[in-house]
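Have a look at the structure below before the remarks.
What you are looking at is a predicted structure, and each value in this text was computed from that prediction instead of being measured. A, B, ... follow the sequence lines: proteins, then strands. Residue 1 opens every chain.
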Amino acid sequence: MIVGIPQTLSFYSYYPLWKTFLEGLGVEVVLSRPTNREILEWGIRDTVTDACIPIKILHGHVIDLKDRVDRLFIPRMVSVDGRATFCPKFLGLPDMVRFSGAKLPPVIDSRVQATRFRSGIIPFFRDIVRQLQVKPKFNWLVSAYQACQQQRNYQQLLLTGLPPLQAMRYLETDPQVRADAAGLAEPAGGNPGSKLKVALLGYPYVLYDPFISSNLYQRLKDMGVDLVTPEQVPPRQMRRLSRVLPQNFFWHYSNRVSWSSLYYLEKPGRVDGVIHVTAFACGPDAMVDKFVELEAKKKKVPFLTLTMDEHTGEGGIQTRLEAFVDMLRTKKEREEKGAG
Amino acid sequence: MKITYPHMGTLAMVAEQLIEEMGQESVTPHRPTRQTLALGARYSPEFACIPFKICLGTYLEGLDRGADTIVSGGGYGPCRAGLYGEIHRGILNDLGYDPEIIFLWPPLKKPVDFIKKVNLLKGPSSWFDLVGIIRRAWAKLSALDELELLAQDIRPRELRKGETSRAFNRGTAYLDRARALSEIAEAREAALQELRKVDLDEEADPLKVGIIGEIYVQLEPFANIYVEETLGEMGVRVRRSIYLTSYTKHDVLSTKGDLRSKKLAQPYLPQLIGGHGQNSVGDVIRYARMGYDGVVQLAPFTCIPEIVAKSLMPHLSREYNIPVLTLFIDEQTGRTGAETRLEAFVDLMEQRREKMSSVEKLPAESRLSYSSAL
Ligand code: SF4
Ligand code: SF4
């Protein structure tokens, strides 16, 4: 039995969990290829024209997988904290895929609906076992436990600032390699005082997908900018900030972005600028973007929105990033001179 | 308090009555226009849904006419609409306005919050007065719905184009002036009478189309580029999946929503997705079962739940053998463009009906009484 997982959307947040669990059940896990032009074009062809880019891309990944796997793994992500749900498109995702018209292998659409992540995850795992109709070698609870362990390690790695793809690779290498790499993982020193620090906010499936985001993350790193993302806000801080707004967003990932913006803008000097990366035609982002913009304006921190669409021209992005970073640099130098 | 609020179809009329009877001043919004939309769009995020932009435009116009308080409802499912209040506030503050914004949630979801806010709004009137006020508002709401249903029935059969709409406007004007229960009853009678006077083609057997989709664009004719009227004048008898009274019953006074549609949607979309997404799926099936000739799905551009619903439409349309036309509406959607698409859709339905009736005769009485469609 081969189970295919599309390499996008919640993959970035939960892949280690799923993979560990599924492999524990004795099934083979296959990933779709990283997003590329072909996948994007398949997606555009197969999705309603009004959908956002990430959803179109998901359909492309499904096409990429459909002939090589026995099952498609598209869990219905409803809620992981018992309060906010995921964006409605996540809620209806398995159905959108199933009825998209293409001939597809059966979809495993187990529901993740939790009060607290751990407690709600058990019914999810049980449902996977039921839908797969496999006879697991061990008790599946053992795999479930291992999966949660692995997920915890993964989240820890993300907190240290490792981007998801690297963190996943890191988890999969054997411990020795890992120990060696640990030394290297630390960012090379430099002068911490004058290094620019930018909050790069957005949904993980946009931020970390080198294709959709036109390699934004790396580009900024290459310009010598220190990046912080929602993945580096400690969970305790997230929980604290979830109580300060008169009205939170209704969607999991949007909340993470808005709370991180609060976090990074909370203390002056925590970041020098904010970049919000949005997906073209994303419903929630229209609201989130305004929110972050107003928040940054209040705190007088420079703000830039970048919208990722089907044609995000590399040239255009590079110039806008450079202009923004230059502006931040000049501003910072002026301030440091002023202070000193 | 000088209160302004969004304009959503005939609701504005009832809201005005409510506010004035509670002893507040109503800065009654006019029907949104292109200017309203342009104004709202200028200060809104590009991908905000169109109700957001229209509402913002309406508020700005109201504030310039002296309003100091904005009242809006937030219970349209856990969707972006629930966030309108906060984001609108942010934008308005940024523009230098500082109105009071009172955002009402469905009473059963946040009862304490609701009572607090009503207490604020009701001003000097007592809770006892409120009962009477609400009864009168409900009477008007029901009368307006009745009027709409009758207009939808006769418009496709009118002999002189536009007559129904004119009669309808006269009728709503009567109702607008009526305040006491007896006046409302009288105005209702007079208004229905106006509509009954319209000369009809008694032979006609109009096509039947169900209108489904997001609530604001269904209820506000400006937002849906007058789809109802346009279809009606093309000889189509329409029904919406949402009327104000049914909406109040299903979504305001209950937390469950319209259970019939939700149940039908189960096999296709077994998950609440906010807005009216799940309803839209169920409604297609409902209309197909009632023998309708087609369904028009209305949705604001970038409307999240309706995009999910739309993805399922091709499949539903095939399985239940009913044509579905989806209109996504944004600032650029012009009336003529929509008309062309609607015309083509009507042609398609006509051909389909001919084909079907040559195979098997349709039941002769295919006109439904309007209560059964509600
Ligand atoms: S949050 Fe935005 S980008 Fe993500 S699925 Fe929903 S609409 Fe698309
Ligand atoms: S249902 Fe659609 S139009 Fe209504 S708030 Fe949600 S996205 Fe906007």
Practice prompt. Could you walk me through whether B:Y268 and B:E319 pass the side chain to side chain donor-acceptor pair (under 3.5 Å) test, one step at a time?
Written response: CA-CA 11 Å; B:Y268 306 93; B:E319 184 167 339; 2.7 Å; yes
Worksheet item: When you look at A:Y203 and A:T278, which way does the side chain to side chain donor-acceptor pair (under 3.5 Å) test go after all the steps?
Response: CA-CA 8 Å; A:Y203 304 138; A:T278 76; over 6 Å; no
Fill in: Criterion side chain to side chain donor-acceptor pair (under 3.5 Å) on B:S280 and B:E306, from CA distance to verdict
CA-CA 8 Å; B:S280 290; B:E306 296 299 330; 3.0 Å; yes
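For a residue to count as touching a neighbouring chain, one of its non-hydrogen atoms must lie under 4.5 Å from one of that chain's; by this rule A:D50 touches chain B with backbone and side chain alike. Only the side chain of B:F328 has a heavy atom closer than 4.5 Å to any heavy atom of chain A. Using a 4.5 Å cut-off between heavy atoms, A:F90 does not touch chain B at all. Of the atoms belonging to B:P300, not a single heavy atom falls under 4.5 Å from chain A. Of the two parts of A:N248, only the backbone, made up of N, CA, C and O, holds a non-hydrogen atom closer than 4.5 Å to a non-hydrogen atom of chain B. Within the 4.5 angstrom heavy-atom criterion, atoms from both the backbone and the side chain of B:I91 approach chain A. In this structure, the portion of A:V78 lying under 4.5 Å from any heavy atom of chain B is its side chain and not its backbone. In this structure, no portion of A:K298 lies under 4.5 Å from any heavy atom of chain B. For a residue to count as touching a neighbouring chain, one of its non-hydrogen atoms must lie under 4.5 Å from one of that chain's; by this rule B:E46 does not touch chain A. For A:C52, no part lies under 4.5 angstrom from a heavy atom of chain B. If you measure heavy-atom distances from A:R111 to chain B, the contacts under 4.5 Å come from the side chain alone.
A side-chain donor from one of B:T326 and B:Q297 sits under 3.5 Å from a side-chain acceptor of the other. No donor-acceptor contact under 3.5 angstrom links the side chains of B:Q271 and B:Q278, judged on distance only.
The backbone N or O of B:V227 sits less than 3.5 Å from a side-chain atom of B:N224, completing a donor-acceptor pair.
Aromatic ring pairs are classed by plane angle as parallel below 30°, tilted from 30° to 60° and perpendicular above 60°; the pair A:F99 and B:H315 is tilted.
Contact tally against chain B (heavy-atom pairs below 4.5 Å) for A:D95, A:L93, A:I55, A:L245: the top residue is A:D95.
Note that OG of A:S254 and CG of A:D289 are 11.5 Å apart. Values are rounded to the nearest 0.5 Å.
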